K.L.:
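Once you've had a glance at the structure underneath, I'll fire off some questions.
Since the structure is predicted, the reported quantities are computational estimates derived from the model, not experimental observations. Order of the sequence lines fixes the chain letters, A, B, ..., with proteins taken first and strands second; residue numbering starts at 1 for each chain.
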Amino acid sequence: MFAHSDLIEHLSHAFQDLFHYPAHHISLQFTKREFNGDYTLTLFQYSKILHQNPEELGHNIGKYLIQTYPQIFASYEVIKGFLNITVADHYLLSKYNNIDENWGILSPNTSGKLILLEYSSPNTNKPLHLGHIRNNALGWSMAEILKTQGHQLIKVNLINDRGIHICKSMLAWLKWGNNETPESSGIKGDHLIGKYYVLFDKEYKKQIEKLLQKGLNKEDAEKQVPIMQEAQDMLRDWEIGKPEIIELWKKMNNWVYAGFDTTYKRMGIGFDKIYYESQTYLLGKEVITKGLEKNIFFKASDNSIRIDLTQDGLDEKVLLRADGTSVYITQDIGTAIQRFTEFSKLSQLIYVVGNEQEYHFKVLFKILEKLAYPQAKECHHLSYGMVELPTGKMKSREGTVVDADDLMDEMYLTAKQITEELGKVNELSDEEKKCLFEIIGIGALKYFILKVDPKKKILFNPQESIDFEGHTAPFIQYVYARIQSLLKKANFTHPSISTPITLQKEEREIIKHLLHIPDVYAEAAQQYNPAIVANNVYDLAKKYNRLYQEYPVLKEPNENIKNFRLHLSYTTALVIKQMLQKLGIDLPSRM
RNA sequence: GGUUCCGUAGCUCAGUUGGAUAGAGCAACAGCCUUCUAAGCUGUGGGUCGCAGGUUCGAAUCCUGCCGGAAUCGCCA
C-alpha cells in the first residue's frame, strides 16, 4: 500500500537473487535534493557483510533492479556508498492514483485498540489559560492521530470540581459577591469565579501580613489565618453534605461549566464523556484494602497504608492516610480500574498531563501493574512541557497568566487586521468574514503550539504576536485556499489520471511526499507526537508553493499536463486538509 | 544528593531506528506581481550541533564524564 513497501520487497529480492542474502529491515530514504534520484539505499552495511566494495555492490543491485523490474526502476547512480534510484514516472503515477480522502487512514479494524484518552482536566476555580490550550490542542490532536491507525478513541475530561480551591472562591463570593452572577455582571462564568479566587488570595495575604506584624512566625501565621480556616470549615461542610453549601457549590460550578463550554467550543474540541472528581474521589479505597490483603501494600507503623516501590527505582508511597482518607493517587487508581470495568475492551489509557506529574504517573502505572491489570503496560502519560512567559512560570493567583479567551480574541483580531489590510475578501458577508478570521486566528494559535515537540517547554512572549507568515497555519491554509480558487475556476471534477505524462522535478517531489503520508501518521501515533504531522504538512505546503510559483496550471497549454496539475493540486489540498484536521485546524476556501 | 527531560544560526524550531555539503521560519539584505491569491517564490549573509573523551568506514544522533537550564523525589492536587 505504501510507496516504500513494494520497493523494499524488490530490493530484498535483489539481495536474495544476487547474493543469496536474506536482507531484512532494509531502509530506504529520500534522496537528498542535491543528488539525482528518488530513493537512496545506503550500501556500507551490506558491503561489509557481503565482502564487496560499496561501488561494485551498488552497480550490481542497480543493474539487477533495472533489468528485472524495468517498469518500476528507471535509472540509478552510485555515488560513494550510496545507491540512488530513480523510479519511473508511471510507477509514481500509478501509486499516486491510489490517494483518496482516506489516504493513510486505516478504518477501525481488528488490530485497532479501544483507547481512553483523558485530557484538559481543569480546576473549577479559575478560567482556562495558555497551558490548558496546549493540553487541549495536544489531547484532541493525539486522539485524531491515533484514530488514523484504526484505533477507537474515547475522549474524556476529568473535572476537578472539589477541594479547598473551590471553597476559596465560594467563600470570597459569599463575603463580597453581593449575589453577583454571570447574568447580572455580564462576566463569563469561569472568569467570575476566577475573580473571587483572586479576591480570596488578596485577603489571605493581607491577613498573613497582619499576623506577621503581630510577631508570629511565618509557619504559625499560615496555620492561623482566619479566612483559610473558614475555607477549611467550608470544605468540611461540603464533605458532610450541608445542603446550603452543596447548593452554592452546584450553582457556582455550573457557571464555570458554561464558561468552559464556550471556550472548548471555540477551540473546536470536545469530549465523549465527562467525569467529575466529586464523584470519583472516594474510589480506590476498596482496591487498597484488597491489595493489603494480598500483601502488595503494607500498613506502616503510623497506620497509613503504603507501597514500597524502592525495588522499582521509585520510593515508598502513601496510598491511604492513617485516618483512612484517600490521597490523590488513591482516586487515580480507582478511576483507572473503574474505567477498565466500564469499558471491558479497553486496552489502553492515555493521560495528557504536564511533565510535572511524570513521577505520579510512573507510580500509578507501576501500582496498576502490581495489581495485575494487564492494561497497565499499555498505559501512557503524554507528558508535555510547561508554557512559560519571559518572566517565568504562569501563576493564576498572581495574575501572570495568559488567559485562553483573551488570547483567542487577540488572535481573531490579528487575523482580522491582516486580512483587511490585504483586502482580498472584501465582498464576503460579515458572518463569513467572522468565520474566516476565527479559522485563521485559532488555526495560527494551535499550530504555534502543536509544531513544537510536546516534551519541550514553550516560551510565549505576549509582547510579540504569534506569526501569520512562514512556518504557520495561515501559510498552509493559504496554499489550500489558493488551490480551491484554481479548482473553482477550472470547474474541476477530479477525473482519474490515465494519460502518461512526463513529471517535473517539483511534481515528483510532491507525489513522493504524498505517498509517504501514511508513514507520517503511523510515526506520529507511535511516538505520541502531533508535531510530526504539523511539521510534515508544512513541508508539503512548501513543496506545492514551489510548483505553483514555477509552473502554470490553468494557463498550461498542454491539456494533459493541465489536467494533471489540477488533479495534483486537488490531491494536495485533500491531504493538507486531512492533516490539518488531525491537528484540529480548519481550512478556509478563500482567504 | 537521586531520577527524568532539555541544550542545534541573533530569535523560534525541524532533523536523533548512526549516513552524503546539518535544514526551515522570523529578523537583515537583494530580486520577483499588466500572468492561476505576493499570508507567496528565488537568492545572500548567518553554525566549534553546550564541552571533553569513546565506539564506528562514518556521530547532531549511540556510550561515559562534565557544564548549563527545567521538572520531580509531599499523608498538595
K.L.:
Taking side chain to side chain contact (heavy atoms under 4.5 Å, CB included) as the test, write out the residues that go with A:Leu282, two or more places apart.
P.N.:
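So A:Leu282 forms a side chain to side chain contact (heavy atoms under 4.5 Å, CB included) with A:Lys285.
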K.L.:
Provide, to the nearest angstrom, the distance between the CD atom belonging to A:Gln232 and the C1' atom belonging to B:C76.
P.N.:
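Going from CD in A:Gln232 over to C1' in B:C76 covers 11 Å.
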K.L.:
Can you name the residues that form a salt bridge (Lys or Arg N to Asp or Glu O under 4.0 Å) with A:Glu523, not counting sequence neighbours?
P.N.:
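With neighbours one apart ignored, the set is empty.
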K.L.:
My understanding is that a pair needs two contacts under 3.5 Å, Watson-Crick or G-U wobble. By that rule, which nucleotide pairs with B:A14?
P.N.:
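Base-paired to nothing in any strand shown.
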K.L.:
Do any of residues 306-322 of chain A sit with a heavy atom less than 4.0 Å from RNA chain B, and if so which?
P.N.:
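Only A:Arg306, A:Asp315, A:Val318, A:Arg321 qualify.
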K.L.:
Can you tell me the base-pairing partner of B:G1? Count Watson-Crick or G-U wobble geometry only, both distances below 3.5 Å, and say none if there is no partner.
P.N.:
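Check on B:G1: paired to B:C73, both distances under 3.5 Å.
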K.L.:
Quote, to the nearest angstrom, the P distance that separates B:G68 from B:G23.
P.N.:
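These two P atoms come out 32 Å apart once rounded.
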K.L.:
Does A:Glu316 have any salt bridge (Lys or Arg N to Asp or Glu O under 4.0 Å) partners at least two apart in sequence or in another chain, and if so, which?
P.N.:
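Here the qualifying residues are A:Arg306.
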K.L.:
With a 4.0 Å limit, can you tell me whether A:Lys456 has a side-chain N or O closer than that to the phosphate oxygens OP1/OP2 of B:A14?
P.N.:
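Checking B:A14 against A:Lys456, a side-chain N or O does come within under 4.0 Å of OP1 or OP2.
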K.L.:
Parallel under 30°, tilted from 30 to 60°, perpendicular over 60°: which one fits the rings of A:Tyr351 and A:Phe365?
P.N.:
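Ring orientation of A:Tyr351 relative to A:Phe365: tilted.
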K.L.:
Within the 4.0 Å heavy-atom criterion, would you say A:Tyr480 contacts the bases, only the backbone, or no part of the nucleic acid?
P.N.:
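Nothing, no heavy atom under 4.0 Å.
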K.L.:
Report the nucleotide, chosen from B:U37, B:G69, B:A77, that has the shortest atom-to-atom distance to any side-chain atom of A:Glu277.
P.N.:
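It is B:A77.
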K.L.:
Could you tell me how far B:C66 sits from B:G2 if I compare only their P atoms? Round to whole Å.
P.N.:
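Nearest-Å result for B:G2 against B:C66 at atom P: 9 Å.
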K.L.:
Where does the angle between the aromatic ring planes of A:Phe475 and A:Tyr538 fall among parallel (under 30°), tilted (30 to 60°) and perpendicular (over 60°)?
P.N.:
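Judged by the thresholds at 30° and 60°, the geometry between A:Phe475 and A:Tyr538 is tilted.
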K.L.:
Between A:Ser485 and B:C36, is there a side-chain N or O to OP1/OP2 distance below 4.0 Å?
P.N.:
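Indeed not, no polar side-chain atom of A:Ser485 lies that close.
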K.L.:
Considering residues at least two apart in sequence or located in another chain, which fulfil the side-chain hydrogen bond (donor to acceptor under 3.5 Å, both in side chains) criterion with A:Gln549?
P.N.:
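For A:Gln549, no residue satisfies side-chain hydrogen bond (donor to acceptor under 3.5 Å, both in side chains) once neighbours in sequence are set aside.
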K.L.:
What are the two closest non-hydrogen atoms of A:Pro474 and A:Ala444, and how far apart are they?
P.N.:
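The pair with the smallest heavy-atom distance is CD-CB, 3.8 Å.
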K.L.:
Find the partner of B:C29: check Watson-Crick (N1-N3 plus N6-O4 or O6-N4) and G-U wobble (N1-O2, O6-N3) distances, both under 3.5 Å, and reply none if neither fits.
P.N.:
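Its partner is B:G43.
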K.L.:
What are the residues of residues 558-567 of chain A, sorted by number, that bring a heavy atom to within less than 4.0 Å of RNA chain B?
P.N.:
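None, since no heavy atom is under 4.0 Å.
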K.L.:
Would you classify A:Phe475 as touching base, sugar-phosphate or nothing, given that sugar-phosphate means primed atoms plus P, OP1 and OP2, and contacts are heavy atoms under 4.0 Å?
P.N.:
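A:Phe475: backbone/sugar contact only, no base atoms under 4.0 Å.
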K.L.:
So, is A:Asn355 close to the B:C5 phosphate, meaning a side-chain N or O under 4.0 Å from OP1 or OP2?
P.N.:
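For B:C5, neither OP1 nor OP2 has a side-chain N or O of A:Asn355 closer than 4.0 Å.
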K.L.:
Going 5' to 3' through nucleotides 19-34 of chain B, assign each nucleotide B (protein heavy atom under 4.0 Å from a base atom), S (under 4.0 Å only from sugar-phosphate atoms) or - (no protein heavy atom that close).
P.N.:
BBS--SSS--------
K.L.:
In Watson-Crick or G-U wobble terms, both distances under 3.5 Å, what is the partner of B:U64?
P.N.:
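Answer to the pairing question: B:A52, which forms a Watson-Crick or G-U pair with B:U64.
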K.L.:
Scan A:Ala531 against the nucleic acid and name what it touches under 4.0 Å (heavy atoms): base, sugar-phosphate only, or nothing.
P.N.:
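Result for A:Ala531 = nothing.
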K.L.:
Excluding sequence neighbours, so at least two apart, what forms side-chain hydrogen bond (donor to acceptor under 3.5 Å, both in side chains) with A:Glu77?
P.N.:
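With neighbours one apart ignored, the set is A:Asn36.
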K.L.:
Which residues satisfy the side chain to side chain contact (heavy atoms under 4.5 Å, CB included) test with A:Lys205, sequence neighbours excluded?
P.N.:
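For A:Lys205, the residues satisfying side chain to side chain contact (heavy atoms under 4.5 Å, CB included) (neighbours in sequence not counted) are A:Asp201, A:Glu398.
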K.L.:
Counting the atoms with a prime plus P, OP1 and OP2 as sugar-phosphate, which does A:Met386 contact under 4.0 Å by heavy atoms, base, sugar-phosphate, or nothing?
P.N.:
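Nothing: the residue A:Met386, judged by heavy atoms under 4.0 Å, touches no strand.
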K.L.:
Scan A:Asp453 against the nucleic acid and name what it touches under 4.0 Å (heavy atoms): base, sugar-phosphate only, or nothing.
P.N.:
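Sugar-phosphate: the residue A:Asp453, judged by heavy atoms under 4.0 Å, touches backbone atoms but no base.
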K.L.:
Taking B:A14 as the reference, what is the distance to B:C57 when you measure between their C1' atoms (whole Å, please)?
P.N.:
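Pairwise C1' distance, B:C57 against B:A14, rounds to 28 Å.
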K.L.:
Could you work out, with side chain to side chain contact (heavy atoms under 4.5 Å, CB included) as the rule, every residue matching A:Lys488, not counting sequence neighbours?
P.N.:
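Side chain to side chain contact (heavy atoms under 4.5 Å, CB included) list for A:Lys488, sorted by chain: empty.
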K.L.:
Contact class for A:Ser27 vs. all strands (heavy atom < 4.0 Å): base, sugar-phosphate, or nothing?
P.N.:
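No contact at all - A:Ser27 keeps every heavy atom at 4.0 Å or more from the nucleic acid.
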K.L.:
A:Ser569: what forms a side-chain hydrogen bond (donor to acceptor under 3.5 Å, both in side chains) with it, not counting sequence neighbours?
P.N.:
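Residues passing side-chain hydrogen bond (donor to acceptor under 3.5 Å, both in side chains) with A:Ser569: A:Tyr544.
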K.L.:
Whole Å only: how far is the CG atom of A:Asn53 from the P atom of B:C57?
P.N.:
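After rounding, the reported distance stands at 16 Å.
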K.L.:
In whole Å, what separates the C1' atom of B:A28 from that of B:U21?
P.N.:
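It works out to 25 Å between them.
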K.L.:
By nearest nucleotide on RNA chain B, pick out whichever of A:Phe468 and A:Glu523 is the more 5' one.
P.N.:
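Nearest-nucleotide comparison on RNA chain B picks A:Glu523.
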K.L.:
Determine the Euclidean distance between corresponding P atoms of B:A52 and B:A59; express it in Å to zero decimal places.
P.N.:
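The same atom, P, in both gives a distance of 15 Å.
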K.L.:
Kindly state each residue pair satisfying side chain to side chain donor-acceptor pair (under 3.5 Å) with at least one member in residues 465-476 of chain A, sequence neighbours excluded.
P.N.:
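Sorted result for residues 465-476 of chain A: A:Tyr447-A:His471, A:His471-A:Asn535.
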